[in-house]
Amino acid sequence: MTDTKLPRFLLNSIPKSGTLLLKQLLLGVPGMQNDPFIGMYGHYHYQTEEKLTTARTLPDHSFLNGHFHYSKKWETFFEELKMKQIFVLRDPRDVLVSYAHFIPKVPLHHLYGTFTQENFSLNDRFKFLIEGGQPITSGVAFQSDISEWYRSFSDWMGRPNVHSVRFEDLMSSEENRRKATGEIIDFLWGDIAHSYNREELITKMTANIKPQESVTFRKGKIGSWREELNSDLEALFMKHAGQLLDELGYGR
């Protein structure tokens, strides 16, 4: 294989949608680089000039990762840098469950105080994320409901130079994983000439996936929400985000 340099690109994901899985997959490309200490998160107006400069100076054959809410400012920023984007999504119900378990483990999270208050149960966390609400921590902004929060990320889908990848396609079967990986390769390289054997590259990338090595990995299952959401919570979710499920193509 030659040292074909892939132009720098962006890995963007909805929280708890398989960021680590995609990072490992992408780092299976020979020579690919990602600095785990320079992730970027949130809205454009929260970024420091130092963070923006990091993105502007990112070298080729590397990627920047983070959770970027969609905005025209972000879209323009990455357009000007000519950076393609891999966008990762997952069934919103599984995102909800994983996020509710994750937040109490992260003291820096803006909902940590709300989720670790006395007598605030796991079901209370589910309900809060579904309905939205005002966090108890002073100065923390109102949390939108699950549909609005999810759409703040998923509005990236269908934008120019954005390729969407479903977590489920990477976890459901080896065949689907290889197919999804091949589509990522085709999107990132486009018309760039390289000497990689496509099937060998797919094998290298998929072999690099080791989710248990992540400190944030919990179960990584498809449909785990069925084991955790009771009928009342399911109904509440459908009230707030049933249309979202339909639009994304996730069954009810």
Side-chain angles (χ1 to χ4, degrees), residues 12-22 39 41-43 66-70 87-157 166-172 211-252:
N12 184 18
S13 59
I14 299 171
K16 310 313 296 175
S17 289
T19 309
L20 186 277
L21 189 75
L22 264 293
Y41 308 96
H43 296 282
H67 306 309
F68 298 83
H69 295 284
Y70 173 79
F87 177 76
V88 190
L89 68 151
R90 185 183 187 186
D91 187 320
R93 294 162 293 192
D94 281 331
V95 169
L96 165 73
V97 167
S98 185
Y99 208 33
H101 282 281
F102 174 73
I103 292 169
K105 301 174 184 177
V106 187
L108 291 177
H109 195 282
H110 65 282
L111 295 179
Y112 177 81
T114 303
F115 279 28
T116 56
Q117 63 183 302
E118 190 174 358
N119 298 322
F120 202 76
S121 68
L122 177 59
N123 280 354
D124 289 331
R125 290 182 238 154
F126 290 147
K127 189 170 185 288
F128 187 92
L129 289 175
I130 293 170
E131 295 182 313
Q134 183 60 53
I136 65 169
T137 306
S138 176
V140 175
F142 185 87
Q143 176 74 17
S144 57
D145 78 352
I146 187 68
S147 181
E148 184 178 342
W149 176 82
Y150 195 101
R151 289 177 195 276
S152 74
F153 297 100
S154 65
D155 280 349
W156 280 106
M157 297 174 68
R166 292 178 185 264
F167 172 86
E168 292 80 10
D169 288 340
L170 293 169
M171 297 296 286
S172 58
Q212 289 78 7
E213 292 184 3
S214 169
V215 294
T216 62
F217 180 81
R218 196 173 69 88
K219 290 184 178 180
K221 289 174 60 178
I222 297 172
S224 62
W225 63 270
R226 299 179 189 278
E227 303 165 9
E228 304 219 32
L229 300 183
N230 61 35
S231 57
D232 288 342
L233 287 168
E234 281 189 49
L236 185 65
F237 185 95
M238 294 310 298
K239 175 184 175 183
H240 284 266
Q243 185 177 348
L244 175 67
L245 290 180
D246 290 341
E247 291 172 4
L248 294 173
Y250 286 106
R252 297 195 180 202

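Source: prediction; values computed, not measured.
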Mind checking whether Phe87 and Phe153 have side chains closer than 4.5 Å, heavy atoms only? yes
Measuring from Leu108:CG to Ile103:CD1, what's the distance to the nearest 0.5 Å? 13.0 Å
Here the gap from Leu248 atom CG to Gln243 atom CD, rounded to the nearest 0.5 Å, amounts to 10.5 Å
Rounded distance [0.5 Å steps], OG in Ser147 versus CG in Leu244: 4.5 Å
Quick check: do Met157 and Arg151 have side-chain heavy atoms less than 4.5 Å from each other? no
For the residue pair Gln143 and Gln134, establish whether any side-chain heavy-atom pair is separated by less than 4.5 Å. no
Indicate yes or no: at least one non-hydrogen side-chain atom of Leu229 is less than 4.5 angstrom from one of Val97. yes
Minimal heavy-atom distance between Pro104 and Tyr112, with the atoms involved, is O-CE1, 3.1 Å
Given side-chain contact (heavy atoms from CB on, under 4.5 Å), test Tyr41 with His69 step by step and report yes or no. CA-CA 8 Å; Tyr41 308 96; His69 295 284; over 6 Å; no
Can you find a heavy atom in the side chain of Val95 that is under 4.5 Å from one in the side chain of Ile146? no
For the residue pair Phe126 and Trp225, is the inter-centroid distance of their aromatic rings smaller than 6.0 Å? no
Any chance you could lay out the side-chain contact (heavy atoms from CB on, under 4.5 Å) test for Leu170 and Leu22, step after step, and finish with the verdict? CA-CA 9 Å; Leu170 293 169; Leu22 264 293; 3.1 Å; yes
Counting the benzene-type ring for Trp, do His240 and Tyr150 have ring centres under 6.0 Å apart? no
Out of curiosity, Leu233 CG to Met238 CE, how far, rounded to the nearest 0.5 Å? 13.5 Å
What about the rings of Phe120 and Phe115, do their centers lie closer together than 6.0 Å? yes
Nearest heavy-atom neighbours spanning Val88 and Ser17: CG1-O, 3.5 Å
For the residue pair Trp149 and Ile14, establish whether any side-chain heavy-atom pair is separated by less than 4.5 Å. yes
Enter the distance from Ser13:OG to Leu21:CG here, rounded to the nearest 0.5 Å. 10.5 Å
In Å and rounded to the nearest 0.5 Å, what is the CG to OH distance from Asn12 to Tyr70? 12.0 Å
Before you tell me yes or no, could you show the steps for His110 and Thr137 under side-chain hydrogen bond (donor to acceptor under 3.5 Å, both in side chains), namely the whole-Å CA-CA distance, both residues' side-chain angles and the distance that decides it to 0.1 Å? CA-CA 8 Å; His110 65 282; Thr137 306; over 6 Å; no
Test item: side-chain donor near acceptor, His109 and Tyr99, under 3.5 Å: yes
Which heavy atom of Pro135 sits nearest to which heavy atom of Phe128, and what is that distance? N-CZ, 4.1 Å
Does the side chain of Phe167 reach to within under 4.5 Å of the side chain of Lys16, using non-hydrogen atoms? no
Ignoring hydrogens and geometry, is there a side-chain-to-backbone donor-acceptor pair from Asp94 to Ile222 under 3.5 Å? no
Measure the shortest side-chain to side-chain distance between Arg125 and Thr114 over non-hydrogen atoms and say whether it is less than 4.5 angstrom. no
Are Arg93 and Glu228 close enough for a salt bridge, meaning some N to O gap below 4.0 Å? no
